[in-house]
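Naming convention: chains lettered A, B, ... in sequence-line order (proteins, then strands); numbering from 1 in each chain. All values reported here derive from a predicted model rather than from experimental measurement.
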Amino acid sequence: MAKDFIREIIVRDIENNLYDRPITTRFPPEPNGFLHIGHAKSINLNFSIAEEFGGVCHLRFDDTNPETEDMMFVESIQRDIRWLGYDWGEHLYFASDYYEQLYQFAEELIRRGLAYVDSLSEEEIRAYRGTVTEPGKESPYRNRSVEENLDLFRRMRAGEFPDGAHVLRAKIDMSSPNMLLRDPILYRIKHAHHYRTGDEWCIYPMYDFAHPLSDGIERITHSLCTLEFENNRAIYDWLVDHLIPPPQPRQYEFARLELDYTVLSKRYLRQLVEEGYVSGWDDPRMPTISGLRRRGVTPEAIRAFVERVGVAKTNSRVEIALFEHIIRDDLNYRAPRVMAVLDPLKVVITNYPEDQSEMIEASYWPRDIDKEGSRPVPFSREIFIERSDFSLNPPKGFKRLAPGRSVRLRHAYVITCDEVVQDPQTGEIVELRCTYLPDSLGARPDGVKVWAAIHWVDATRSIPVEVRLYDRLFATPDPYDFPEGGSFLDNLNPNSLTIMSHARVEPSILDDPPDTRYQFERLGYFIQDSEDSRSDALVFNRIITLRDSWTKKQQQVASRPEKTRPRSAPKSRQETPSRTGETASDARARARAQNPDLQAAYEKLQTQVGLSEQQADIITGDLRQVRFFHQAMEVYPKGPALANWFINRLLPAWKDQPLDALPFGGAEFARLVKLVEEGVINTRQGEQVLALMMATGESPEAIVEAEGMRQLRDEATLLAVIADVLAAHPDKVAAYRAGKSGLLGFFMGQVMRVTQGQADPQVVKPLLETALQSDE
RNA sequence: UGGGGGAUAGUUUAAUCGGCAGAACGGGUGACUCUGGAUCACUUAGUCGGGGUUCGAAUCCCUGUCCCCCAGCCA
């Protein structure tokens with residue numbers, strides 16, 4: 001079964017043999033920024049679809065704006081897509097390679113009178129376009145001759161005019177309610193150096209022109225883009241239908257990915273980079289692919305995430321928790337466990353001989369992970385533990401080290417805290433003096449309460465490293481939601497980076513490749529920073545913390561009095577007391593106001609025929625409907641039943657076509673309703689008959705006869721059917737009796753199926769309920 | 001306000017075109033644990049509102065509400 005609505009469409013298109021070529025998709029980035037996780041969703045969609053359906057996915061750079069684009073971005077984009085694990089094979093394209101073909105398409109439109117050179121200024125064009133509520137005005141240049149347009153356009157290309165002197169526009173409709181169709185601009189003059197074509201061109205196509213035609217040139221079948229391009233589909237279709245041979249590519253839109261606590265828009269990301277709020281496009285806090293890569297997130301996690309999010313048409317904002325869950329899930333299996341201490345507190349083990357030390361063999365993997373391997377960890381009289389693993393006055397629920405308490409040193413001995421050394425001035429804890437239990441290595445000591453297992457490193461043989469702790473870049477779930485006069489930058493999290501410069505890691509890591517991802521036990525997942533880490537000055541990035549139910553609980557205690565609020569405050573809504581535009585009901589009311597016959601019918605149907613206001617309203621919006629209804633009344637004067645069938649069954653089934661096109665009249669329709677009302681056939685059968693009448697024009701009686709339709713309401717027969725159904729689903733029967741009353745619909749459905757829709761549901765229902773209630 | 005889209009647990013997303021509203025994440029509780037991790041169990045919570053059709057509606061009909069996109073010579 002198809003996973004989402006787009007795949008559903010593709011499956012249907014394939015079944016209908018719509019295309020003369022394999023399914024072909026494309027990922028069309030503009031090389032003016034780095035790819036981010038939102039792009040990963042689109043990349044995954046396009047490449048996965050191509051793979052699933054045995055097609056191909058092109059990588060095409062939509063480079064139509066020389067002012068913002070750069071080769072550097074082309075390279076980074078390719079690197080990122082490859083790193084994510086996708087392969088476009090030989091299908092690397094550039095819209096800039098199509099400039100000549102696109103130009104020829106433009107001349108073709110001019111020759112066919114479908115495009116013209118407009119010489120209005122930018123401001124005038126804007127003014128002439130109108131607004132969303134008012135139609136635009138046609139440009140005085142709109143009716144230039146083909147010859148003049150061709151001449152002007154060629155001279156535009158030749159560089160005879162300065163920027164902005166002319167544009168090429170499609171001649172569509174300046175009063176279209178769709179703003180994009182108000183003679184969209186196809187080409188503009190830009191005397192700018194293009195990173196690929198150099199100075200060869202001084203006119204450049206607009207996205208709305210270049211994109212659909214590039215899809216056409218590449219014989220794309222399904223052009224997938226995000227929701228904000230829904231309005232652009234009209235011009236997409238206009239262009240490919242005029243210029244591309246069938247079967248043309250078609251555009252489908254899905255919701256772009258939005259993530260809590262981050263921004264996913266190139267404009268904002270660029271601002272963060274250019275104004276120095278982050279160290280670059282690949283800053284590990286950035287949601288860019290390169291940022292996530294440097295942070296240590298794997299491509300598999302990113303792909304798993306975008307797949308879990310799904311594809312739909314609802315604007316949505318995914319919780320960061322889902323992404324974090326998937327990152328942890330991925331790393332849990334992948335990352336060997338080692339020990340590091342971020343904020344060291346010295347511990348002296350007073351009963352461990354000063355001149356002694358040992359190497360403890362410690363497994364890289366916890367019991368629940370099915371992997372082998374271990375490393376030696378040095379242990380001696382002086383070690384470091386995490387400062388936060390000790391508390392002078394342990395709060396309730398604190399399970400770690402405290403005066404007089406014992407804890408397990410992970411993989412090593414149990415120690416007991418005997419003495420706390422504090423700085424006499426500041427009171428700061430500078431050292432713990434503990435004793436260890438020599439017999440506790442790999443064994444549980446008798447009669448000692450061991451509160452927890454904590455991580456540690458050897459004081460002298462551990463490696464000093466810098467550790468960078470990253471937190472979300474923004475402090476609020478929706479950074480775009482900032483106060484009036486502010487900026488999204490106001491929502492930046494001031495603590496998104498914490499540098500631990502005195503951290504220490506066990507020495508075993510020196511033997512590993514520098515891109516090894518670790519779990520530092522009890523702390524989180526870490527990887528060496530690919531840019532800043534040097535062999536004599538290691539730098540680690542925290543990829544993600546471990547889930548931490550202890551601090552979570554602590555925080556809850558701290559914020560207890562505050563009631564949990566909804567994640568985002570409801571947007572302030574404006575009261576719009578103004579009238580709405582014309583709805584369907586307004587249109588019907590207007591039709592009646594203009595036509596006294598309709599108005600008369602509206603009143604008569606209510607007072608004399610007994611229809612509800614709503615029924616009369618719908619029927620009397622259109623004269624043909626009224627006539628049809630009157631014809632029906634003459635044959636079978638049961639108004640309300642007729643109206644129900646007319647409104648709820650006939651109209652929706654016939655949908656968009658005019659009523660006159662129906663291959664039968666009101667009289668036949670009335671006879672169908674009569675068959676149902678008199679119980680000859682049931683509602684479901686009535687619908688089948690209606691469908692056949694619409695398809696064949698046969699009379700209802702003939703169809704009922706031919707199909708052998710009748711209603712089954714013999715109780716003995718029905719009881720037997722019910723017994724069979726119940727016997728076939730003992731588990732469901734038990735569930736129903738246990739209170740799952742929704743299953744009644746399931747059983748009804750089964751009975752209807754067995755009887756091929758002939759059972760009278762009104763007879764079946766009470767019988768079924770009785771059978772279900774009675775214990776066998 | 002014209003047009004184009006959308007609305008299912010807190011979040012994201014399913015429901016074989018009228019027949020059992022399901023999953024994951026999150027939240028909660030507990031079990032287990034030499035990681036307050038992982039795992040496991042249980043639990044919480046939903047069809048935007050109002051009418052109608054039907055034995056039966058997330059799904060069909062009517063109606064209302066809310067949200068998003070479009071007035072760049074950006075994409």
* Asked: Got a sec, which residues hit side chain to side chain donor-acceptor pair (under 3.5 Å) with Y204(A), two or more places apart in sequence or on another chain?
  -> none
* Is a donor-acceptor pair below 3.5 Å formed from side chain R649(A) to base G18(B), judging by atom type as modelled? -> yes
* Asked: What's the CE-C1' distance between M748(A) and G19(B), to the nearest Å?
  -> 9 Å
* Indicate, yes or no, whether a donor-acceptor pair under 3.5 Å links the base of U35(B) to the side chain of R410(A). => no
Give each protein N/O atom lying under 3.5 Å from an N/O atom of nucleotides 39-45 of chain B, with the pair distance.
none

* **Length of the CG-P vector between L227(A) and C67(B), whole Å** => 17 Å
* Any cation-pi pair here, K399(A) with W451(A), using under 6.0 Å and within 45°? -> no
* C1' atom, U59(B) versus U54(B): distance in rounded Å? -> 13 Å
* Hey, is R60(A) close enough to D62(A) for a salt bridge, meaning N to O under 4.0 Å? -> yes
* **Same-atom distance (P) from G10(B) to G46(B), integer angstrom** => 7 Å
* Asked: Taking 4.0 angstrom as the limit, do E506(A) and R337(A) come out as a salt bridge?
  -> no
* salt bridge (Lys or Arg N to Asp or Glu O under 4.0 Å) partners for E8(A), two or more places apart -> none
* On RNA chain B, check which nucleotide each of R308(A) and G442(A) is closest to and give me the residue with the more 5' one. => R308(A)
* Structure fact -> When pairs are called at under 3.5 Å and a stem needs at least three consecutive Watson-Crick or G-U pairs, the stems of RNA chain B are B:2-7 with B:65-70, B:10-13 with B:22-25, B:26-31 with B:39-44, B:48-52 with B:60-64
* To do: With C1' as the reference atom in both, quote the distance from U43(B) to G49(B) in angstrom, rounded to an integer.
  => 30 Å
* To do: Can you figure out which of G36(B), U12(B), C34(B) approaches the side chain of F398(A) most closely?
  => G36(B)
* Name the nucleic acid region contacted by G397(A), choosing base, sugar-phosphate or nothing; use a 4.0 angstrom heavy-atom cut-off, strictly under. => base
* Structure fact -> To the nearest angstrom, the CG-P distance between L768(A) and G19(B) comes to 17 Å
* To do: Could you list the residues that satisfy side-chain contact (heavy atoms from CB on, under 4.5 Å) with S316(A), not counting sequence neighbours?
  => none
* Quick one: salt bridge (Lys or Arg N to Asp or Glu O under 4.0 Å) partners of R256(A), sequence neighbours excluded? -> E228(A)
* Kindly say whether R410(A) contributes a backbone atom to a donor-acceptor pair with the side chain of W456(A) at under 3.5 angstrom? => yes
* Tell me, please, which residues at least two apart from H729(A) pass side-chain contact (heavy atoms from CB on, under 4.5 Å). => V725(A), D731(A), K732(A), F746(A), F747(A), Q750(A)
* Using the P atom on both, measure G28(B) against A45(B) and round to a whole Å. => 15 Å
* Syn or anti for G46(B), taking syn as within 90° of 0? -> anti
* Can you name the residues that form a salt bridge (Lys or Arg N to Asp or Glu O under 4.0 Å) with D70(A), not counting sequence neighbours? -> none
* Flag the pair D163(A) and R188(A) as a salt bridge only when some basic side-chain nitrogen lies within less than 4.0 angstrom of an acidic carboxylate oxygen. => no
* Between U12(B) atom P and L264(A) atom CG, what is the distance in whole Å? -> 15 Å
* side-chain contact (heavy atoms from CB on, under 4.5 Å) partners for M179(A), two or more places apart -> R129(A), V132(A), R182(A)
* Asked: If you pin L441(A) and N644(A) to their nearest nucleotides in RNA chain B, which one's is more 5'?
  -> L441(A)
* Do the charged groups of R713(A) and D760(A) touch, with an N to O distance under 4.0 Å? -> yes
* Whole-angstrom distance between A41(B) and U47(B), as gauged at atom P -> 28 Å
All N/O pairs under 3.5 Å across the protein-nucleotides 70-75 of chain B interface:
from, atom 1, to, atom 2, distance (Å)
C70(B), O4', N231(A), ND2, 3.2
G72(B), OP2, R126(A), NH1, 3.3
C73(B), OP1, R129(A), NH2, 3.1
C73(B), OP2, R129(A), NH1, 3.0
C73(B), OP2, R129(A), NH2, 3.2
C73(B), N4, E122(A), N, 3.3
C73(B), N4, G164(A), O, 3.2
C74(B), OP2, R188(A), NE, 3.2
C74(B), OP2, R188(A), NH2, 2.9
C74(B), OP2, K190(A), NZ, 3.3
C74(B), O3', R188(A), NH2, 3.3
C74(B), O2', N65(A), ND2, 3.2
A75(B), OP1, T64(A), O, 3.4
A75(B), OP1, T64(A), OG1, 2.6
A75(B), OP1, R188(A), NH2, 3.0
A75(B), OP2, Y207(A), N, 3.0

* Asked: Given atom CG of D548(A) and atom C1' of G26(B), what is their separation to the nearest angstrom?
  -> 16 Å
* Asked: Considering only the C1' atoms, how many Å lie between A15(B) and G5(B), rounded to the nearest integer?
  -> 23 Å
* Counting heavy atoms from C-beta on, name the nucleotide in G19(B), U13(B), G37(B) closest to the side chain of R684(A). => G19(B)
* Could you please name the option among C25(B), U53(B), G4(B) that lies closest to any side-chain atom of E230(A)? => G4(B)
* Can the positive tip of K552(A) be found less than 6.0 Å from the middle of the six-membered ring of W550(A), inside 45° of the ring normal? -> no
* Taking only residues two or more places apart in sequence or in another chain, which ones pass side-chain contact (heavy atoms from CB on, under 4.5 Å) with R308(A)? -> L322(A), H325(A), I326(A)
Considering only nitrogen or oxygen atoms on both sides, find all protein atoms under 3.5 Å from nucleotides 60-62 of chain B and state each distance.
from, atom 1, to, atom 2, distance (Å)
C62(B), O3', R588(A), NH2, 3.2

